Structure formats: C-alpha cells, structure tokens
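Okay, so here's the structure we're looking at.
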Amino acid sequence: MSHRPLPGRRSVLRGSLAASAALTLPPALGAAPALALSGRPKAGWGVQTGDVTCDSGLVWVRSDRPARMIVETSATESFRNPRRWHGPLLGAGTDFTGTTRLRGLPSGEQIHYRVLLADPDDPRRTGEPVTGTFRTASGKRRDGVRFVWSGDLAGQGWGINPEFGGYRIYDAMAKLDPDFFICSGDNIYADGPITETVALPDGSTWRNITTEEKSKVAETLAEFRGNFRYNLLDENLRAFNAQVPSIIQWDDHEVTNNWYPGEILADTRYTEKNVDVLAERARQAFSEYYPISTLRSPDGRVYRVQHHGPLLDVFVLDMRTYRNANSPDNQTTDPVGILGSEQLEWLKRELSRSRAVWKVIASDMPLGLVVPDTGDGKPNIEAVAQGDPGAPLGRELQIAELLRFIKHRRITGTVWLTADVHYTSAQHYLPSRAAFTDFEPFWEFVSGPLNAGAFPANTLDNTFGPDRVFLKAPTTANVSPAGGYQFFGEVDIDGHSGELTVRLRESDGTVLFTQVLQPGRVGQ
C-alpha cells in the first residue's frame, strides 16, 4: 500500500499522548465537576476527534468544572506559531463536555493539536494542555486509506480489568496507524452492570474497575453519562482516542437490550419502563460524549455519510431508532423495516451521488445472520434475517429493495461492515444461491467484540444467499476476554491499484483471514 510516511508520529505516541492519557482522573466518576472550586480546569478524560474530512475535524474534551474550550493546532509537535480556535463554554448542561470544529486544515496532513481549558472568569488561568493528533483525509488517491472497525465494549459484565491490561485491543489497533476507527455500536452496555469480581471457568477471578453508575442498569441521564465516562477510565482507550479519529454509531446497548421505539419494558430491574424515555436520555449522553456533528443538528441524526477523499465514502446506518417493533418478522409488507422509510431514501440518494471508489456501509446489525430476540419468551427477531430461507419477508423486504436499487443503478464498490454478534466472520452473498436474486454479489464482514463476552455463531438465512467463507467463534456462550475471541477488522485501500483488502484480526493483531476486493465492480 502506498500509505504516506508519518515522521514523528511514533514519538508523539511515546511522549505527549502517553502523558495526556496518564492525566489524573477526577476522584469520583459520578461527582459533579462544578463542586471542584479550586485550582485550574483539568481535562482528565482525554481528547477525541471525529468528522474528519480533507480540511476539517471535530475535537472533543471534557472538563472537571466550568471552562472555556480552546484548541491550538500546529504542523509539528513543537507547536511553534500555533493556530488558535476558541470553542464553547463547557457547563453542566452538556456534562462539561464540548466540541470545537477545526476548519481550513491542509489535506492529507498530520495535524497536531492541544486543548486548553480556561477559567471562564479569568482566561489567563488555564489547565495543563492535553495533546492529540489526527490525519486529515487526502484529496490524492495515491495516498491510500487504512482504517479499523469493531464494536461491543464492556458487555456481559466484563469491564476494565487492570490485571488483564484493560482494553488492550485498542493498543493493537493503534499500532496499525489507521486513518480512523469505526465503532459499529454497543459502545456501552447501559443495561449491563459491572461488579467487582467475576468467577472464571478455570477457578481464577476477573477483577473489574467499578463505579456507582455502572452498579445498576442506566435509567437517569446521570447514569447514562456515567456509562460513557466509565470506558474513559481505561488508559488504552484514552491514548487511542488521542491519536485515531472515530466514526461512531449506536445500537441497542446504548439504551437497553434489543430495544425498539415504543417498547414498554417488562424487565424488573427498571423503574422507568418507557423505552422512548430511556432512549432520549441515552441519545443526549451519546451526543455529549462523542464528536458527531449530526447529533447536534435539529433532527439529531446518527445516520450520516463520511467522505474520506476520492477512494472512500462511509455510510453510517442507524438500525435502531426508526425500526418497527421486534416480532416474528414474517409480514409480507413492511414499509418501516429496520431503517425507516426516510433513512432508506437517504441511503439510496447518497449511494447514487457517491463518486468514491469504495462505498463502505457501516451497519450496526448483520444482514443474513439470524439474531433472535427471545426476551419476552416469544420467537421474535432482532435483526433482518428471520430464518425463513425463502422470498423476503418482514425487514428483509427493505434490504431487498436496497440491494435491487444498488444493482439497477450500477453502484459499484459496496462493502458491508458490522459487529453485534460477538465473533468474527466473512459472508459472501450470491444471487445463484439465494431465494431473492435481483441483486449483485457483495461481501459482509463481521468483527468484535472489543471487550465483552464472546458467543457461538448465529445461523444463516438463505434469502440473500450468504456463504460463510470464514468464521472464528467459541462453542460456549459468554466467553470472557481472558478466554480470547476478541476481534477487530482492518480495511486497507491501495492508492495505486484501488484494491480493497480486508483483514480480520484477533485482539493482539494476529491476522486470521484476508480478502482482496477489486475496484469498479457492481458486486464482487
């Protein structure tokens, strides 16, 4: 791959970023920052970047008290002649988080930045700067693109275990020097309390860092916020955030397991039973803790398209917010489906407009894997496939419509990436194997979890003709991170040939499977 050299980046990782990640965290995760009245503002939760394009990026920070956010950028680590950006006043209304948009940046260059937090009453009083770096997208095809993806963090009671090395998978991903990271959902497990210890099958003990907010299911806005802060206690994640931009989507566990709009919970752990109320609180916390500009727009959308130069557009889906109720999913008409009609039309429109060589569809749920929802004792379906290998039914109708559109509009270079099922696999979809045949072949790659329980493989539904070319999954349920089966994927687009290479990797970076796709084709 013709990836550009990055002089000085590794020294950043060893030096200033490591120092930033090691900043002292607030003594009590749930304590209100406004109570810390003395001293200067601190940014102990690190920094993040998102919405990175050829000439812009969105920088995130959290303060331990009211503060004015200031960002300085430079082409070098020395910060000689920095450019200064005045950001928002951080206060209790956003849990002392905020973002600043950097515009007019050079294309395809390494941007060094530092965030200063200033006392609102005395701008001369600033806290210790927190540094980070990111690479803007290149407008030159020859520079190529490399990114990683995964999902599912701190699930099934497996939290931050210092004895295990914490969320060490983030260190393995950082070593690949990716341009960005896609988290395919389940960034938190708001419905999954974390206890101090968990017994392992071999007789040893898994020991979690615990907090008050993670001791029960999240219901209040403060508890949802605490769930997002919990992950930032991990130094691997904070260091990763400071060097790799993220494209974040959500799925069910940001709210509660397998939720859908209008649901009323029967789960006795909850006093607030209305899922719409929980989802509104979760969405606010989600928008506060990630740099996603569309969440701050009037309609507060998670779905969006991220343009990354001439080689790549990333289409970020939201299969949670607009879906119909989980059911056996065997209806013969389904105008709502899993995307909702408005998001489906948006996706068609943006795919047809895209001129990128590759169009990655970041899907928070798989297409041909049967994901059941048996929470209420009924044989309901959580994802798209419902196990009937015949003609499309239920939510499959909407996906069939999309696949037909891609074929007849001759849209080239579509690849589906997902997580959710807590194992890694590669599926090739082919009309000659399928009950529904009006589409072109395509690939779907599954990765994850980042740090959660691993589970056996789901069955395949033959409606769209998937063939499982590769699979690695445990044979027992809820295998801990100590037992392995933690995964991430890498996508490498060569700037000269345009070839897209997918590598499915284990948590230490070991390559398990490789697939090379050729550009310019409708299907593969």
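All values derive from a computational prediction rather than experimental measurement.
- Formation of a donor-acceptor pair under 3.5 Å by the Arg68 side chain with backbone atoms of His86 is not found in this model.
- With 3.5 Å as the limit, one finds no donor-acceptor pair spanning the side chains of Trp60 and Asn241.
- Closest heavy-atom contact between Ala218 and Asn227: CB-ND2, 3.7 Å.
- Under the side chain to side chain contact (heavy atoms under 4.5 Å, CB included) criterion, Thr53 pairs with Asp55, Ser56, Gln306, sequence neighbours left out.
- Side-chain atoms of Gln249 come within 3.5 Å of backbone N or O of Leu317 as a donor-acceptor pair.
- For Asp191 and His253, the side-chain atoms include at least one donor-acceptor pair closer than 3.5 Å.
- Between Arg505 and Leu176, the closest side-chain pair of non-hydrogen atoms falls below 4.5 Å.
- Using modelled atom types, one side-chain atom of Ser447 and one backbone atom of Gly489 make a donor-acceptor pair closer than 3.5 Å.
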* Going through the checks in order, is the salt bridge (charged side-chain N to carboxylate O under 4.0 Å, His left out) test met by Glu213 and Arg229? -> CA-CA 9 Å; Glu213 289 89 350; Arg229 287 198 300 273; 3.4 Å; yes
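- Asp251 is linked by a side-chain hydrogen bond (donor to acceptor under 3.5 Å, both in side chains) to Arg320, counting only residues two or more places apart in sequence or in another chain.
- Aromatic ring orientation, Phe180 versus His308: tilted (interplanar angle from 30° to 60°).
- Not counting sequence neighbours, Arg355 has no partner by the salt bridge (Lys or Arg N to Asp or Glu O under 4.0 Å) test.
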* To do: In sequence, state the C-alpha distance, the side-chain angles, and the governing distance for Trp416 and Phe445, and then conclude on ring-ring contact (aromatic ring centres under 6.0 Å, His included).
  => CA-CA 6 Å; Trp416 292 73; Phe445 299 96; over 10 Å; no
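- Proximity of a side-chain donor or acceptor of Ser138 to a complementary backbone N or O of Asp143 within less than 3.5 Å is not detected.
- Side-chain atoms of Asp252 and Tyr260 form no donor-acceptor pair, as typed in the model, at a separation below 3.5 Å.
- Rounding to the nearest 0.5 Å places CG of Leu153 at 8.5 Å from OH of Tyr189.
- The structure places CZ of Arg142 at 12.0 Å from CG of Leu311, a figure rounded to the nearest 0.5 Å.
- Ring pair Trp346/Phe315 is perpendicular by interplanar angle, where above 60° counts as perpendicular and below 30° as parallel.
- Aromatic ring centres of Trp149 and Phe488 lie farther apart than the 6.0 Å criterion allows.
- Residues Glu280 and Gln284 bring no donor and acceptor atom of their side chains to less than 3.5 Å of each other.
- A donor-acceptor pair is defined here as one N or O able to donate and one able to accept, closer than 3.5 Å; such a pair exists between the side chain of Ser107 and the backbone of Ala137.
- Sorted by first and then second residue, the salt bridge (charged side-chain N to carboxylate O under 4.0 Å, His left out) pairs involving residues 158-173 (not counting sequence neighbours) are Glu163-Arg207, Asp171-Lys175.
- Taking Lys273 as the reference, nothing meets the side-chain hydrogen bond (donor to acceptor under 3.5 Å, both in side chains) condition, with sequence neighbours excluded.
- Take Asp122 and apply the side-chain hydrogen bond (donor to acceptor under 3.5 Å, both in side chains) test, not counting sequence neighbours, and it matches Arg124.
- Aromatic rings from Tyr303 and Tyr322 are positioned such that their centres are separated by under 6.0 Å.
- Taken from CG in Asn236 to CG in Leu450, the straight-line distance is 11.5 Å, to the nearest 0.5 Å.
- Checking Trp259 against Asn257 by side-chain atom types alone, no donor-acceptor pair falls below 3.5 Å.
- Proximity of Glu223 to Glu212: side-chain heavy atoms (C-beta onward) are nowhere separated by under 4.5 Å.
- Residues Ser246 and Gln48 have side chains that never bring a donor and an acceptor to within less than 3.5 angstrom of each other.
- Applying the side-chain hydrogen bond (donor to acceptor under 3.5 Å, both in side chains) rule to Tyr170 yields no partners; only residues at least two apart in sequence or on another chain are considered.
- Here Tyr167 and Phe240 keep their ring centres 6.0 angstrom or further from each other.
- For the atom pair Ile493 CD1 and Arg141 CZ, the distance stands at 10.0 Å (nearest 0.5 Å).
- Between Trp85 and Thr73, the side chains place a donor N or O and an acceptor N or O closer than 3.5 Å (distance only, hydrogens not considered).
- For the pair Arg114 and Phe79, the cation-pi test (distance below 6.0 Å, angle within 45°) is passed.
- With Glu272 contributing its side chain and Asn274 its backbone, the two residues share a donor-acceptor pair below 3.5 Å.
- Judged as a side chain to side chain contact (heavy atoms under 4.5 Å, CB included), and not counting sequence neighbours, the contacts of Glu196 are Thr210.
- Qualifying salt bridge (Lys or Arg N to Asp or Glu O under 4.0 Å) partners for Arg80, counting only residues two or more places apart in sequence or in other chains: none.
- For Ile209, the side chain to side chain contact (heavy atoms under 4.5 Å, CB included) partners are Ile160, Pro162, Tyr230, Leu233, not counting sequence neighbours.
- Not one N or O on the side chain of Asp318 forms a donor-acceptor pair closer than 3.5 Å with the backbone of Val302.
- Only one option out of Arg40, Lys42, Arg125 pairs with Asp119 in a salt bridge (Lys or Arg N to Asp or Glu O under 4.0 Å); it is Arg125.
- Results of the side chain to side chain donor-acceptor pair (under 3.5 Å) test with Tyr289 over Asp95, Asn231, Thr94 single out Asp95 as the only residue that passes.
- Glu254 and Asn187 share a donor-acceptor pair across their side chains, judged by distance under 3.5 Å alone.
- Of the N and O atoms on the side chains of Ser293 and Arg304, not one donor lies less than 3.5 Å from an acceptor on the other residue.
- Annotation: salt bridge (Lys or Arg N to Asp or Glu O under 4.0 Å) contacts of Arg101 (sequence neighbours excluded): Asp51.
- The salt bridge (Lys or Arg N to Asp or Glu O under 4.0 Å) search around Arg269 returns Asp267, not counting sequence neighbours.
- In summary, the aromatic rings of Phe228 and Phe224 are positioned with their centroids too far apart to meet the 6.0 Å limit.
- Rounding to the nearest 0.5 Å places OG1 of Thr195 at 11.5 Å from CH2 of Trp206.
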